[in-house]
Amino acid sequence: MINFLKSDNGQLLVSYEGLTHVFSLNTIESWVKRNQVVHIQDEKDGRKRWVVMKTIPSPSIKRLTNHLKSLPEFVTLTNLTGDKLFAGITERLKDEKYDQAIQCIIRELPEVPVKDEEYLRNYRIVREDVDLETGEVFPMPKAKLSEERIKQHRLTARFLSMLTDKRYKDKNERAKLHPDFADIHQFRKAVLEASRCMSKEMDIKVALPNDLSRLRGKLKAYKDDGAECLINKQTGKRHAAKLTAECVRKLIELMSDSRKPTKKQVHGWFNAWRQERGMEKVGLRTIGQKLDEPDIEMQWWGVHHGMDRWKVRYEYTNWKQRATARDLKWVGDGTKVNYFYLQDGKVTAKLDVYEIVDEHSEMKLGWAFSVNGEDARVIQNALRMALQTSGNMMPYQMLYDGDSANKLALQGKFRLDFNAAPYNAQSKIIESMFARQQQFIMTRNHFFTGQNVKARSERGRLNQDRIKDLGKRLPSLEEVMKIYEEDNHLWNNTPQERDGKSPAQRYKESKCPSPRPLHEEDYMRLFWEYKGRNPTGKLLSWKEADTIKYRKDGILLQWGNDVNRFEVLDKEGNPDFDFHQHNINRSFKVKYDPKDLDRKRIALYDAKDERFVRWADEKFALPSAVYDQKPGDRAIIEQRLSIPKRQRDWLKEEARKRKNHFAGDTEQPWIIQNKQEQAEYETEMLTSLIEPKLYPLPDPANHKAPEPDESIASGFTPDDADVDPPTMDLPPELPDDEDNETDRLYKIYMENAQNAE
């Protein structure tokens, strides 16, 4: 490139690079700062290329003129701007032999030394960090050098390696490149010129000093330290903030304000706080840089902007795979229906909807409306529709919000169910579906209210001018429900960009790898309700349900004026004898189907652990009149009448298994035996009460005789012990099959006892 030019008006122009051959960089920079040089700007690329020589100070002009005497004549130009300027700058002022020598230096340039390459690749920028708890300052490796910076250092290392090569210490070796290179100074100048040429060709900056004295210092540093001398000591360092650990904590505290103060306000508060402690003020730039550091910003962002915004900016998110087939995962959630409607002559928008969607296909399976908020009954209605749409197929997994209504209606009623993380819309695909439907489908209606408050898209916002024109052109509540259902059908049947298929088409073509039809017990868990006092009309939870005892005649329930009796039946439809024997007077909680007006069946749940126990069916009423009996009733009647005798037989069998029992501390035979054993037991009982040997007098040698008025613990006096036991005529043994045998036995016993008295 030409360094010196003369225009046709005799004005001498010098390039910035040409000045560096004569003057130091500091001198040139001082001229630029004091506006002592005038630049002529190239209109093509906007770069300032030329300097008017007359504006240079006079002593410097003389020095520059002496340098020009050794150069060929200047090139005369007719125009200093545009393409003509570059057309004239084609002839180099230096001789071709010198250019060839420069090219020879570039060809002989060695490769980057291995140790320098490894050092540059493994170098880590180290910064001083402060532990905000202890105030300790410690070095912390942060990052590697950038690729651009490594390229600069590698090219610089190649030139330094050539200048320090032992081979080029010999002037004969240098002279082989060019005769003038026998002079070490000329050789170094040529190497610097070659570095500038190569820097322009490769568009990579070579960090070599232009002054030979400074170059000698660089060469010495390279010999001693290698590539370490190439890296600026300020590389990667942050602004030298005058902030201690205490100051950083105070800065975070001031910025952690929900009123959202600006950095300028925090800067004023912070400097006032520092002045109170005798510290100097800190600039706004220093405060801003410190607050913008990632590890500092994360600490105040949540309080300043809210945790919702903090989660969007900082919270770690997982990449979730969509369910691979239909019915593997259903998602339920409620939202506001963003439509205005007229109610009692007033404009309102209070309609809510609860929807259940299939995650794989994004098909809306079921929905239910409400104007009183989301409750368990609304969720149940949406689930009924979803099951009908799926062909009564249960989902493998259910995802829902963690509020009480969702838990009451859905928790623990599927193979897998989870409640979504609170305040985390990204965890549910249904939230995205609501937003897309509002933005692309519901906006077609003039009574659309706009998307939710947090919507970012301008398309989803309400047109304020349109509200004035609504007037009485709004639909009613029933019409809005119908329109929203049309929106859902439009969503289900509109092809989407991801695969060109509609949600309904994807759902129909998919097949669940683990299908499970809806069973009777599933239906009971999902849609039946607990019996109890319910003044609010809301769905009762297990804890709120009434506790009901299973009596000897079953369970009696009342709905209004209707009274229903239920009992547990076995597989043959007969009363379950074992359940009846073991559960009389046991407490249960009852579930029933609110859609079943006949109340033919209920479900019994354990009153302690919410465990389903058995079904209970409506109790069969035995017709007392023979005329009222129907075919088959006779067998049922006989079976029911035989139950009491089965109960007594069962009780006798249990008595035989347990021959004895304890009455107090005394072991006695079981009270229920056959009649002969029972009579013998009663005789033995009466005899033992009056025999003296059961109450021996104390030994005089060891015990003091009782006082005359002292009675024996059994309630008998010593005189009573001399009474002879009465004789008793035992009744004859009667057969076991007579129904009144037990009553007659006790009657005879009482008559004998009266005679004995």
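Residues take their numbers from the sequence shown, with the count starting at 1. Note that the coordinates shown come from a computational prediction; the quantities given were computed from them, not determined experimentally.
Between Tyr314 and Trp310, the ring-plane angle classifies as tilted under the 30° and 60° cut-offs.
A cation-pi contact, defined as under 6.0 Å to the ring centre and within 45° of the axis, is absent between Lys589 and Tyr605. Arg415 forms no cation-pi arrangement with Tyr396, by the criterion of a distance under 6.0 Å to the ring centre and an angle within 45° of the ring axis. Taking the ring centre of Phe579 as origin, the terminal cationic atom of Arg614 falls inside the region bounded by 6.0 Å and 45° from the ring axis. For Lys531 and Trp559, the positive end sits near the middle of the six-membered ring, less than 6.0 Å away and at most 45° from its axis.
Atom CD of Glu359 is separated from atom NZ of Lys329 by 4.0 Å, given to the nearest 0.5 angstrom. How far CG of Asn492 is from CG of Leu490: 9.0 Å, rounded to the nearest 0.5 Å. Note that CD of Glu567 is 10.5 Å distant from CD1 of Ile602, once rounded to the nearest 0.5 Å. Taking NZ from Lys549 and CG from Leu556, the interatomic distance works out to 15.0 Å, rounded to the nearest 0.5 Å. Ser361 OG to Asp358 CG: the interatomic distance, rounded to the nearest 0.5 Å, is 3.5 Å.
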Exercise for the section: Check the pair Tyr400 / Asp417 against side-chain hydrogen bond (donor to acceptor under 3.5 Å, both in side chains), numbers first and verdict last. Expected result: CA-CA 8 Å; Tyr400 49 86; Asp417 59 87; 2.8 Å; yes
Exercise for the section: Output, in order, the C-alpha distance, side-chain angles, deciding distance and verdict of side-chain hydrogen bond (donor to acceptor under 3.5 Å, both in side chains) for Ser432 and Arg436. Expected result: CA-CA 6 Å; Ser432 171; Arg436 284 178 283 159; 3.2 Å; yes
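Nearest heavy atoms, Met363 versus Thr389: CE-CG2, 4.0 Å. Across all their heavy atoms, Met393 and Arg516 have their closest contact at CE-N, 3.5 Å. Contact record, Arg309 with His305: CG-O, 3.3 Å, taken as the closest heavy-atom pair.
Here the side chains of Trp300 and Val266 are not in contact, with every heavy-atom distance at 4.5 Å or above.
Electrostatic pairing of Asp617 and Lys600 does not count as a salt bridge here, judged by no charged N lying under 4.0 Å from a carboxylate O.
Side-chain atoms of Asp401 do not come within 3.5 Å of backbone N or O of Asp403 as any donor-acceptor pair.
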